[in-house]
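Keep in mind the model is a prediction, meaning the values are calculated, not measured.
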Amino acid sequence: MQKTLIINAGSSSLKWQLFEMPAETVVASGLVERISMPGSIFTIKYGDHQKYETTVDNLDQNHAAKLMLTELQRLAIIQSLDEITAVAHRVVAGGETFKHAVEVTPDVLQAIKDLSNFAPLHNPMEAKGIETMAQALPNVKQYAVFDSQFFTDLPEKNAIYSLPYELTNKYHIRRYGEHGISHGYLTGRAAELLGQSKESLDLVTLHLGSGASLAAVKDGKAFDTSMGFTPLTGVTMGTRAGDVDPSILPFLMQAENISDPNEIMMMLNNESGLLGVSGISPDMREIRAQAATNPRAKLAIEIFVNRIVKYAGSYLTELNGADAIIFAGGIGEHNAPLRQQIVDGLQIFGVKLDTQLNDAGQEGVISSADSKIKVLLIPTNEELAMVRQVAALQD
């Protein structure tokens, strides 16, 4: 049987699934949490609810990928690496260069590297991941599936910044958006759960994880999104600042005697967000555990919720209402109290949760019967969306 390996590398995690094709059966799946942090957690699920887990300090993306291949064979999930006939990688920034999934060639790989300015935390790491897998599986075709492709047709009024238009055109400056694989999957899955066509739906989708973004979906297509030219902008994230006044940057450079702009960008990308505000961790679980006694932890959660409410509220206004609000992502899927806080902030729109359904945390509608807008919890499945795009290229 042919198997396709899907690798979904985020800023602080690496998810993967091994699919048996063409049945789209998941043979095994895995997650590496706390990438490049103390206590990195490596987990594989396979067989009849079998699970293997180990902790490795500061496990980076490349070593995690190599460990994955080793454990697939050691646990007899596969007998040989030859069973893997395709590998697909989530790549965050495709810019205007890539508007659909592609087979990776040397030129494609170089283009992914060249687009690193659009996703400095992701594209270089994802390019290394492609190289790592190409070395480990030299005879296997590699594919790239782009996170930005869902947003390539944003209306210009939402895609274009209010800069001199000549510079916008000259340097291809626009809102590219990310987490598009997830937002696209959520749109399709919402249509299935609601028994409607995608084209009939207006949605606000919330992908809330270490990286977090919101999207407005109008008539089944991307209409607006919180991330911008890079994944740095939008709501507060694990280590990313989200929206800040641009005037703060030259102010800090002068005040802190910083001459290299890359240093200030590292601060915004790696030292800000939940980590920067709380001073504890970028992990919402660790922050919530201290929120009752640590004012900065409490403030970090309040800021996180506040920014999401602002964006979601603006999108509901922009869409003139919506059929549904969708929670997804590691935080959005597993944090019932946070979902309640966010919906409480949107009560002006008549949105209400069913407490029991929200606490149960199962896929489906979690809003109350009298809510004016449905609220759905949908575990995102970027890997399934990716394997289908790769299969279409192979047909």
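Remark: the backbone N or O of T233 is not paired with any side-chain donor or acceptor of R240 at under 3.5 angstrom. At least one donor-acceptor pair closer than 3.5 Å links the side chain of R339 to the backbone N or O of N358. S182 places no side-chain N or O within 3.5 Å of a backbone atom of T380 that could act as its donor or acceptor partner. With S314 contributing its side chain and Y311 its backbone, the two residues share a donor-acceptor pair below 3.5 Å. Side chain of S281 to main chain of E286: no donor-acceptor pair is present (N/O by atom type, distance under 3.5 Å, no hydrogens or angles). Between the side chain of N123 and the backbone N or O of I112 there is at least one donor-acceptor pair closer than 3.5 Å. At distances below 3.5 Å, at least one donor-acceptor pair connects side-chain atoms of S371 with backbone N or O atoms of K352. Distance alone, capped at 3.5 Å, places no donor-acceptor pair between the T4 side chain and the F19 backbone. Put simply, the side chain of Q347 gets close to the backbone of D344: a donor and an acceptor are under 3.5 Å apart. Although no hydrogens or angles enter the test, the distance criterion places no donor-acceptor pair under 3.5 Å between the side chain of S226 and the main chain of V235.
The residues D283 and R285 are annotated as salt-bridged, a charged nitrogen and a carboxylate oxygen being separated by less than 4.0 angstrom. E192 has a carboxylate O that lies under 4.0 Å from a charged side-chain N of R189, or vice versa, which qualifies the two as a salt bridge. Between E24 and R388 there is a salt bridge, with a side-chain nitrogen of the basic residue lying less than 4.0 Å from a carboxylate oxygen of the acidic one. Ion pair E318/K157 not flagged as a salt bridge, since none of the NZ, NE, NH1 or NH2 atoms sits closer than 4.0 Å to an Asp/Glu carboxylate oxygen. Look at K221 and E199 and you find no salt bridge, because none of the NZ, NE, NH1 or NH2 atoms lies under 4.0 Å from a carboxylate O.
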task = Take E131 and K128, measure what salt bridge (charged side-chain N to carboxylate O under 4.0 Å, His left out) needs, and give me the verdict at the end.
result = CA-CA 5 Å; E131 291 172 330; K128 287 182 181 178; over 6 Å; no

message = Does I325 form a side-chain contact (heavy atoms from CB on, under 4.5 Å) with L203? I'd like the steps, not just the answer.
response = CA-CA 6 Å; I325 298 168; L203 306 169; over 6 Å; no

task = Apply side-chain contact (heavy atoms from CB on, under 4.5 Å) to the pair S148 and E178, showing each step before the final yes or no.
result = CA-CA 5 Å; S148 53; E178 306 303 345; 3.7 Å; yes

query = Would Y52 and E71 satisfy side-chain contact (heavy atoms from CB on, under 4.5 Å), going step by step from the backbone distance to the final call?
reply = CA-CA 9 Å; Y52 169 77; E71 294 300 329; 3.8 Å; yes

inquiry  = Run the side-chain contact (heavy atoms from CB on, under 4.5 Å) test on L5 and M133 for me, step by step, so that the C-alpha distance in whole Å, both residues' side-chain angles and the decisive distance to 0.1 Å come before the verdict.
reply    = CA-CA 10 Å; L5 177 62; M133 296 307 296; 3.7 Å; yes

task = Would you sort out whether K15 and E382 count as a salt bridge (charged side-chain N to carboxylate O under 4.0 Å, His left out), showing the intermediate values?
result = CA-CA 10 Å; K15 295 189 293 182; E382 294 163 297; 3.5 Å; yes

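Between I342 and L208, the closest side-chain pair of non-hydrogen atoms falls below 4.5 Å. Two residues are said to be in side-chain contact when any heavy atoms from C-beta on lie closer than 4.5 Å; F42 and L59 meet this criterion. Residues Y46 and L72 have side chains not in contact (no heavy-atom distance under 4.5 Å, counting atoms from C-beta outward). Contact annotation: the side chain of T239 never approaches that of L274 to less than 4.5 Å [non-hydrogen atoms, C-beta and beyond]. In this structure the side chain of V56 never reaches within 4.5 angstrom of the side chain of H63, judged on heavy atoms. Counting heavy atoms from C-beta on, the side chains of L275 and I280 never come closer than 4.5 Å. By the 4.5 Å heavy-atom criterion applied to side chains, E383 and I7 are not counted as neighbours. Considering only heavy atoms from C-beta on, S40 stays 4.5 Å or farther from E33 through its side chain.
What you find for D147 and I181 is that their closest heavy atoms are OD1-N, 3.0 Å. When all heavy atoms are compared, the tightest approach of V145 to A101 is CG2-CB, 4.0 Å. Of all non-hydrogen atoms in T187 and V217, the two that sit nearest each other are OG1-CG2, 3.7 Å. Closest heavy-atom contact between I77 and A28: CG2-CB, 3.8 Å. Considering all non-hydrogen atoms of both residues, M37 and P282 come closest at SD-CG, 4.1 Å. Nearest approach of L194 to A324, heavy atoms of both residues: CD1-CB, 4.3 Å.
Between the side chains of E126 and H89, not a single donor N or O lies within less than 3.5 Å of an accepting N or O. With hydrogens and angles left out, the side-chain atoms of N8 and Q17 include no donor and acceptor closer than 3.5 Å. Checked by atom type, the side-chain pair D370/S368 shows a donor-acceptor distance below 3.5 Å. Between the side chains of S213 and H179, at least one donor N or O lies within less than 3.5 Å of an accepting N or O. Between the side chains of Q149 and Q389, at least one donor-acceptor pair of N or O atoms lies under 3.5 Å. No side-chain N or O of D107 forms a donor-acceptor pair with one of T105 less than 3.5 Å apart. Judged by distance alone, the side chains of Q110 and D114 do bring a donor and an acceptor atom under 3.5 Å apart. In summary, the side chains of T25 and E20 do not present any donor paired with an acceptor at a separation below 3.5 Å, with no hydrogens or angles considered.
D57 CG: more than 12 foreign heavy atoms inside a 6.0 Å radius. Other residues, nucleotides and ligands contribute more than 12 heavy atoms inside 6.0 Å of the OH atom of Y161. Residue N169 places its CG atom among more than 12 non-hydrogen atoms of other residues, nucleotides or ligands, all under 6.0 Å distant. Within a 6.0 Å sphere centred on CG of L167, other residues, nucleotides and ligands contribute more than 12 heavy atoms. Remark: K374 NZ is loosely packed, at most 12 non-hydrogen atoms of other residues, nucleotides or ligands lying under 6.0 Å away. For N320, the CG atom counts as loosely surrounded, since its 6.0 Å shell holds 12 or fewer non-hydrogen atoms of other residues, nucleotides or ligands.
In this structure, CD1 on I301 lies 13.5 Å from CG on N306, to the nearest 0.5 angstrom. From L115, atom CG reaches atom OG1 of T97 across 4.5 Å, with rounding to the nearest 0.5 Å. Taking CG of L316 as the start and CD1 of I348 as the end, the distance is 11.5 Å to the nearest 0.5 Å.
Judged as a side chain to side chain donor-acceptor pair (under 3.5 Å), not a single pair has a partner in residues 325-336 (not counting sequence neighbours).
Remark: F151 engages H183 in a ring pair (Phe, Tyr, Trp, His ring centres under 6.0 Å) (not counting sequence neighbours).
The side-chain contact (heavy atoms from CB on, under 4.5 Å) with V32 is formed by just one residue from the set L14, L67, D60, T43; it is L14.
Applying the under-4.5 Å side-chain rule to Ile, Leu, Val, Met, Phe, Trp and Tyr, the cluster around I160 extends to Y165.
F304 does not carry R307 over the face of its six-membered ring by the limits of under 6.0 Å from the centre and within 45° of the normal.
Taking the six-membered ring where the residue is Trp, F146 and F98 present parallel rings, their angle staying beneath 30° rather than reaching 60°. Using cut-offs of 30° and 60° on the angle between ring planes, the pair F118 and Y176 is perpendicular.
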